[in-house]
Amino acid sequence: MYLDAGMTPEQVLNSATTVAAKLLRVDDYVGKVDNEFEANFVVLDKNPFDDFSAFEQAVAVYRKGRRVVNRLDVK
């Protein structure tokens, strides 16, 4: 939807992470990868800036540093 509206993949990702954390007033511990921040992230097998649909097939998902979804061993 955002890509269709003309946003770049970089803008969409920034909006979904850093900007959202600021709006929710939780940007002191989520919204970016940095020391002292919660480790919430996805592992992708494609570059989302080249193919944004890479997010539809995340290889692994981590919440607070713990893997909650693992597709690394599934073939």
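Cluster membership check: Met1 does not share its hydrophobic cluster with Leu23, using side-chain heavy-atom separations under 4.5 Å among Ile, Leu, Val, Met, Phe, Trp and Tyr.
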**OP:** Evaluate the side chain to side chain contact (heavy atoms under 4.5 Å, CB included) criterion for residues Gln57 and Arg71: first the C-alpha distance (whole Å), next the side-chain angles of each, then the deciding distance (0.1 Å), finally the verdict.
**Re:** CA-CA 9 Å; Gln57 298 161 353; Arg71 297 190 180 113; 6.0 Å; no
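Among all heavy-atom pairs drawn from Pro48 and Ala54, the shortest one is CA-CB, 4.3 Å. Closest approach of Phe37 and Tyr29 over heavy atoms only: CD2-C, 3.4 Å. For the residue pair Gly31 and Ala21, the shortest heavy atom distance occurs at CA-CB, 3.8 Å.
Applying the salt bridge (charged side-chain N to carboxylate O under 4.0 Å, His left out) test to pairs two or more places apart or on separate chains, none has a residue in residues 15-29.
Put simply, the residue from Val59, Val69, Val61 that forms a side-chain contact (heavy atoms from CB on, under 4.5 Å) with Val42 is Val61. Checking Thr17, Val30, Val68 one by one against Asn40, the side-chain contact (heavy atoms from CB on, under 4.5 Å) holds for a single residue, Val30.
Between the side chain of Thr8 and the main chain of Gln11, a donor-acceptor pair closer than 3.5 Å is present.
Taking a 6.0 Å sphere around OH of Tyr2, one finds it holds 12 or fewer heavy atoms contributed by other residues, nucleotides or ligands.
In this structure, CZ on Phe55 lies 5.0 Å from CG on Leu13, to the nearest 0.5 angstrom. Put simply, CZ on Phe41 and CZ on Arg67 are 10.0 Å apart, with the number rounded to the nearest 0.5 Å.
Counting heavy atoms from C-beta on, the side chains of Tyr62 and Val43 come closer than 4.5 Å.
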